[in-house]
Undergrad: 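One structure coming up, written as structure tokens, with questions to follow.
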Protein chains: 2
Amino acid sequence: MSSSPDLPHPERSELSLTTVLFALSDPERLAIARQLVDGPLDMAECHLSNPDVPKSTKSHLMKVLRTAGVVRNEANGRARRLSLRREDLDARFPGLLDAVLSADDPKPKA
Amino acid sequence: MSSSPDLPHPERSELSLTTVLFALSDPERLAIARQLVDGPLDMAECHLSNPDVPKSTKSHLMKVLRTAGVVRNEANGRARRLSLRREDLDARFPGLLDAVLSADDPKPKA
DNA sequence: TGAAAGGTTCGAAATAATTCGAACAATGGA
DNA sequence: TCCATTGTTCGAATTATTTCGAACCTTTCA
């Protein structure tokens, strides 16, 4: 049987502030993080502002979030379950996630 | 006479979350912001981790912080006075600056 | 006035990040 | 078993960011 590949995730102690800030500094990635505040979603349920973006691009956005430690990406059948690493982020950078997620951003970067 | 150029600064209402996050996502720029928490400094008093970086590079780092609205850059004699735009940032993105500045970051991005 | 101090801007080169098609892999059903 | 679903990864092209020297601008002070 074997199973879907386990992707690498940084440990809590390895999280880097600047790397997390960078991951969240893209409007599309920030929007993804926001979609996960109410609980995990399968990748297909996470929407981008442009629905026509190829899956490889979407996968790359997820990778930036995952390697920064913002999001966890686990196999879930043939899908992928995305979840916010809220506990790790709160422990490592208290108040940061709340501030970022609760901020309103009428004029995004790009 | 005339006077030193007044550089453009975004208004409070124009501040963009992702742009601010991007500005702070670089270790050198984050370090500069941290040097300003206790009050304004002249540019020459803001130190980079590498003291040999050319002034044009340093000026560019400041520009990214300024155009993001993180820092104010005003003429001060022949020098430039840098200050954190704490009030604007706090008003626009409550808790964000505190979270970023108080976080410890043992493993910087680059 | 002349020149040094302290910075900004411009342009070009080097680096880094993003985008996306194609190839590949595992899962779940028919 | 076969094949559609749901992704990841690789490589190449595009685009964005960074770096830095050179030119330039004010201010200060001798």
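Convention: sequence-line order gives letters A, B, ...; per-chain numbering from 1.
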Undergrad: Rounding to a whole Å, what distance do you find between B:Lys58:NZ and C:dG6:C1'?
TA: 10 Å
Undergrad: Quickly work out the A:Met62 CE to D:dT9 P distance and round it to whole Å.
TA: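 Result: 13 Å.
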Undergrad: The criterion is side chain to side chain contact (heavy atoms under 4.5 Å, CB included); which residues satisfy it with A:Glu11, sequence neighbours excluded?
TA: A:Ser13, A:Glu14
Undergrad: Whole-Å distance between C:dT18 C1' and A:Ile32 CD1?
TA: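 It works out to 14 Å between those atoms.
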Undergrad: Using 0.5 Å steps for rounding, measure from the CG atom of A:Asp26 to the CZ atom of B:Phe22.
TA: 10.5 Å
Undergrad: Decide yes or no for A:Leu89 and A:Leu15: does some side-chain heavy atom of the first lie under 4.5 Å from some side-chain heavy atom of the second?
TA: yes
Undergrad: With sequence neighbours excluded, give me every side chain to side chain donor-acceptor pair (under 3.5 Å) pair touching residues 45-54 of chain A.
TA: A:Glu28-A:Ser49
Undergrad: Could you identify which residues of residues 33-41 of chain B place a heavy atom less than 4.0 Å from some atom of DNA chain D, listed by residue number, or say none?
TA: none
Undergrad: Assigning hydrophobic clusters by single linkage (Ile, Leu, Val, Met, Phe, Trp, Tyr; side-chain heavy-atom cutoff under 4.5 Å), is B:Leu7 placed with B:Ile32?
TA: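 Each belongs to a different hydrophobic cluster.
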Undergrad: Which side chain to side chain donor-acceptor pair (under 3.5 Å) pairs, counting each pair once, include a residue from residues 67-84 of chain B, with sequence neighbours left out?
TA: B:Asp42-B:Asn76, B:Asp42-B:Arg81, B:Asn73-B:Arg80
Undergrad: For each nucleotide in nucleotides 10-15 of chain D, reading 5' to 3', give B when a protein heavy atom comes within less than 4.0 Å of its base, S when such contact involves only the sugar-phosphate, and - otherwise.
TA: ------
Undergrad: When the distance from CG of B:Leu7 to C1' of D:dC24 is rounded to whole Å, what number comes out?
TA: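 Roughly 15 Å, once rounded to whole Å.
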Undergrad: Can you tell which of D:dT8, C:dT18, D:dT17 lies closest to the side chain of B:Phe22?
TA: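 Among the listed nucleotides, the one closest to the side chain of B:Phe22 is D:dT17.
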Undergrad: Nearest whole angstrom, please: distance from the P of C:dA17 to the CD of A:Glu28.
TA: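 Whole-Å distance recorded here is 19 Å.
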Undergrad: With sequence neighbours left out, what residues match A:Arg34 under side chain to side chain donor-acceptor pair (under 3.5 Å)?
TA: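 Scan of A:Arg34 (side chain to side chain donor-acceptor pair (under 3.5 Å), adjacent residues dropped) gives none.
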Undergrad: Could you tell me which residues satisfy side chain to side chain contact (heavy atoms under 4.5 Å, CB included) with A:Ala23, sequence neighbours excluded, listed by chain and number?
TA: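 With sequence neighbours excluded, A:Ala23 shows a side chain to side chain contact (heavy atoms under 4.5 Å, CB included) to A:Val64, A:Leu65, A:Ala68, A:Val70, given in chain and number order.
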Undergrad: Measure CZ/B:Arg66 against P/C:dT8 and give the value in whole Å, please.
TA: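 Answer to the nearest Å: 8 Å.
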Undergrad: Any side-chain N or O of B:His60 below 4.0 angstrom from OP1/OP2 of D:dT19?
TA: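 No, because none of the side-chain N or O atoms of B:His60 sits under 4.0 Å from OP1 or OP2 of D:dT19.
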Undergrad: Which pairs count as salt bridge (charged side-chain N to carboxylate O under 4.0 Å, His left out) when at least one residue sits in residues 93-102 of chain B, sequence neighbours excluded?
TA: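 Sorted result for residues 93-102 of chain B: B:Arg86-B:Asp98.
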Undergrad: Side chains of residues 54-61 of chain B: which donor-acceptor partners sit under 3.5 Å, not counting sequence neighbours?
TA:
residue, atom, partner, partner atom, Å
B:Lys58, NZ, B:Met43, O, 3.0
B:Lys58, NZ, B:Cys46, O, 2.7

Undergrad: Pick out the pairs of N or O atoms, protein on one side and nucleotides 5-7 of chain D on the other, that lie under 3.5 Å.
TA:
residue, atom, partner, partner atom, Å
D:dG7, OP1, A:Arg80, N, 3.0
D:dG7, OP2, A:Ala44, N, 2.9
D:dG7, N7, A:Lys55, NZ, 2.8
D:dG7, O6, A:Lys55, NZ, 2.7

Undergrad: Test A:Leu97 against A:Val20 for side-chain contact (heavy atoms from CB on, under 4.5 Å), laying out the working first.
TA: CA-CA 10 Å; A:Leu97 198 55; A:Val20 168; over 6 Å; no
Undergrad: Measure from CG on B:Leu48 to C1' on D:dT19 and round the result to the nearest Å.
TA: 13 Å
Undergrad: Nearest-Å distance, CD (A:Glu74) to P (C:dA26)?
TA: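 Distance, rounded to whole Å: 19 Å.
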